[in-house]
Structure formats: structure tokens, C-alpha cells
Amino acid sequence: MSGLFIASYLLLQTLFSMFLAYPENASLSNMSNPVDEASSGALLGAHWLQQELPADDTDGDSTLGDEIESSTASLSSSILNYRNINGRTYHSHAAMDEEYWAPNDPKHLEALDIFYHAIDMTLEGKLHQAPLSQNIEHAVDIGTGSGLWAIDFADQYPNCTVIGTDISPVQPSWVPPNLLFEIDDATKEWTFRDDHFDYIHMQLLNGAFNSLTHIYSQALRCCKPGGWFEHVDISVMVVSDDGSVEENSPLDQYGKMFEAAGKRVNRMSRSADFTTMEDAMKEAGFQNITVKKFKMPVSPWHSDQRMKEIGLYAYATMTTDVEGIIQFMFGTIMGWSQQEIAVYAEFLRRQLRRKDVHGYYTLKVVYGQKPQ
């Protein structure tokens, strides 16, 4: 486990006792809702400027987000010649012709690392669901991000040569000797040899592709006969089983806005919803396809201790970098002003603090095998 995870874990354990019940405010939905007609129910940014922020409990959990922000302030890493949008850096066009929504600066990378730990807990520490042999020789992690999964996988399989690819060179230099990071754009034709990898892994790539079938077909070509391909992703839709995530509330609008922005730029923002992933895997030619779904609370509202801790990490992810998560999709694509983004982000943070709101994401894992 990395030092970042250990530090984050110790910090977040202390925050459990600080997460008090948020006062039950009036409904966060509103009868006057300006709607973007082409956005599948997504509200315009102007909607949030018209609303009055609900009261915050300054003696209780309102300090939670502040402490998480403070704890992450010391994170630093080198960044190269990246695009700058309202103070946030994104991948260089030299690495990728198309736009990708996620920043690549230290603040967002730490948020992703915290969320990686939430996923790790959700999957009970299993780096893969596919039934891999212990003597696999070649594996690749497509869209490796900060490289944490690839590092852990390389440690677990020391005799396997592992490659991690990404459009930004933000990975660490101190890595296991069997791990190599490469700059590569997965949306272009893959340059790996045919029938090469025992295992191909992708995780958290919502909004990166316009066709999963094309990507999965490339994975099939590069996979060894009998090898495995696994895709892990999460639904952007935050839902609840008890109706506590109300229609048009900040959490409800989060996923709807991502979907609307994805449609505008022809990018799939709901890969983990419906049967999209498994259908594309079958169409590409994989067999023995298995689908697994897991609930991930967006905040520590759950009564089960393990689920509560997962929710706390998910909460830390979102509150650490709300603006970075939504800046490109809501601002650049949907045309929201910086004021609209800031006000919406505050509404979202306050709803996340409410323990009477029982929202969760759906984490989806789909894996399949290349025919022998």
C-alpha cells in the first residue's frame, strides 16, 4: 500500500467521528427549473444561481470537507506542457487529438487515488475479477492514470511484464522492475502485437470513447487466445433506493449533466449503465462474459461499517475536487460560467454532507475471454 493510501486512511478514520447528522433541510429540488432542451433533464447552470443555499451545520460535519482539503494541500508532482483551463491543467494535444474531461494536475490525481482506494475496498482488495493464472507473462492497463493499479498488479505478479498506458505522463518513476509506463492514446489504433497479452485491464474511462465495440475489438486482437479482458467502470448517475436523492437535486443533476455533455461531444458518459459493456464485449468476439455490480455509497451514511468507510472515501474524492471533476464537462462543453460552477459545487458539497441522503454509485465489472 502506498504512503498516500496510508496517510489518507489514517486521516479518514479520524473523520468518521466528525461526520454528524446533517440538518434535514427543505427539498433541494425546485419548482422553477430552467432545463437545457437537448440535455436529458439536465438543468442550466443559471438554475443554481437562483437558489438559496441550505443552512450548513458549522459545528458538525461542515468541517469535514475543509479538513480533507487541508490534508491534500501538500501533494505535489511535476506537470509538463499541458493545456490550462481556468487554472486547471489537462492533457497535451500532443498526446491526444480529442478532448478528455479529467484534469491531470496533482489535486485531481489525489482525488483519483482516494477513489481508487474506495474501489479497492468495494472489490475487497481483489485487483481483478477475471480468473487469471499465476504464471501470466504479459499484462497491460489501458488508461492507467496515476498508475496505482498497475503498480499493485506488478507487485502481485512479479514474473509478469506489465505496461501502463495513459495520455498524460503523471506516473511515478519509482515502480516495480517489471512495470513500464507509456504515453499512448487508446482511442487510436493500438500498436501492440496481435495475440500478445494474457490480461488487458481498463478502469474508470467514462467519457473517453465514442464506441466501446471499437476499443473492445482492439483488446480482442491484442489478447492471447484464452487471455482475459476486464473493464471496470462506474455509473455517473447517483441514485437512492429510498427516494432521498430527489429529482433535480445536485446529486441527481450530476449524472444528467455528464450525460448531456457527453452527447454534445459524442463521448460515452454512461458506459456502466444498461448492458452497454457486456453487449460490446460480446459483439467484439469475447466469450465466457461475466458481469458483476457493486453499490458504492457517495458519503458515509450507511449503517454497515465497511460500506460507511467506502462512502467516506467516495465523499473525500468528490469534496476534494468537485470543480476539477465538473470543470470541463459543465464549463467548456455545457457553457456554464465559473460562478455557476462554483455555486453548484457548493450545493453538491452540502447535499453530500447530509446523512439523510442515501445516494450511491453503481460500480460495474465486466470481463470476457478470447476464444482459444
Side-chain angles (χ1 to χ4, degrees), residues 1-13 15 19 64-65 67-69 71-72 75 77 88 100-127 141-153 164 166 168 170-172 201-208 231-238 251 254-255 258 269 271-272 293-302 306-329 345 348-349 352 359-365:
M1 181 177 289
S2 68
L4 171 61
F5 281 164
I6 295 173
S8 298
Y9 182 80
L10 293 175
L11 166 69
L12 295 176
Q13 284 288 72
L15 295 178
F19 198 93
L64 180 56
E67 294 217 5
I68 293 173
E69 288 285 348
S71 73
T72 64
L75 184 71
S77 69
R88 305 304 300 268
Y100 181 58
W101 64 269
N104 61 7
D105 50 24
K107 187 173 184 179
H108 189 71
L109 289 176
E110 173 158 4
L112 280 181
D113 287 349
I114 295 172
F115 197 59
Y116 171 78
H117 189 57
I119 292 176
D120 183 63
M121 291 186 63
T122 301
L123 299 178
E124 299 182 339
K126 297 179 180 178
L127 293 176
D141 183 29
I142 303 296
T144 194
S146 66
L148 288 182
W149 183 92
I151 291 170
D152 288 344
F153 189 86
D166 203 88
S168 292
V170 293
Q171 300 77 34
H201 175 266
M202 298 197 324
Q203 183 166 292
L204 298 184
L205 290 174
N206 257 332
H231 185 180
V232 182
D233 230 311
I234 195 163
S235 173
V236 294
M237 298 296 178
V238 180
L251 282 172
Y254 174 78
F258 260 90
S269 58
S271 299
K293 296 181 180 180
F294 306 85
K295 290 183 178 180
M296 292 184 65
V298 298
S299 64
W301 55 263
H302 209 285
R306 175 174 158 274
M307 294 294 281
K308 179 179 290 187
E309 189 169 352
I310 291 170
L312 189 55
Y313 277 97
Y315 170 86
T317 301
M318 184 69 80
T319 56
T320 293
D321 194 24
V322 175
E323 290 82 1
I325 294 171
I326 68 176
Q327 172 70 61
F328 187 80
M329 292 297 242
L348 188 63
R349 285 190 175 98
L352 282 167
Y360 64 87
Y361 305 107
T362 297
L363 181 72
K364 189 172 185 178
V365 181

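Hydrogens, waters and symmetry mates are skipped; everything else that's a heavy atom, side chains included, is used. These numbers were taken from a predicted model, which means no experiment stands behind them.
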Please report the interatomic distance OG1(T122) to CD(E309), rounded to the nearest 0.5 Å. 10.5 Å

Distance check, rounded to the nearest 0.5 Å: M237 atom CE versus L251 atom CG? 12.5 Å

One should read off an interatomic distance between L127 CG and I151 CD1, to the nearest 0.5 angstrom, of 11.5 Å

Pairwise side-chain contact, L348 with M318, heavy-atom cut-off 4.5 Å (strictly under): yes

With S146, which residues qualify under side-chain hydrogen bond (donor to acceptor under 3.5 Å, both in side chains), at least two apart? D113

Can you name the side-chain hydrogen bond (donor to acceptor under 3.5 Å, both in side chains) partners of T144, sequence neighbours left out? D141

Check whether any side-chain heavy atom of H201 sits under 4.5 Å from a side-chain heavy atom of F153, and report yes or no. no

Taking all heavy atoms of F258 and all of I326, pick out the closest pair and write down the distance. CE1-CG2, 4.4 Å

F115 side chain reached by M296 side chain, heavy atoms, under 4.5 Å: yes

Nearest 0.5 angstrom please: Y360 OH to W301 CH2, how far? 8.0 Å

Partner residues of K295 under the side-chain hydrogen bond (donor to acceptor under 3.5 Å, both in side chains) criterion, sequence neighbours left out: D241

Are side-chain heavy atoms of D233 and M202 found at a separation under 4.5 Å? no

Closest approach of Y361 and A314, non-hydrogen atoms and distance? CE1-CB, 4.4 Å

Hey, does L148 have a side-chain heavy atom less than 4.5 Å from the side chain of D120? no

Closest heavy-atom contact between Y315 and P300? CB-CD, 4.1 Å

Nearest non-hydrogen partners of H302 and K308, listed with the distance: O-CE, 3.0 Å

For D166 and G145, which heavy atoms make the closest approach, and how far apart are they? OD1-N, 2.8 Å

In this structure, CD1 of I234 is separated from CG of L205 (nearest 0.5 Å) by 13.0 Å

Is a side-chain donor-acceptor pair under 3.5 Å present for D152 with Y116? yes

Grab the two heavy atoms, one from A345 and one from E323, that are nearest each other, plus how far apart they are. CB-OE2, 3.5 Å

Side chains of Q203 and I119, heavy atoms from C-beta outward: is any pair under 4.5 Å? yes

Short question: side chain of S235, backbone of T362 - any donor-acceptor pair under 3.5 Å? no

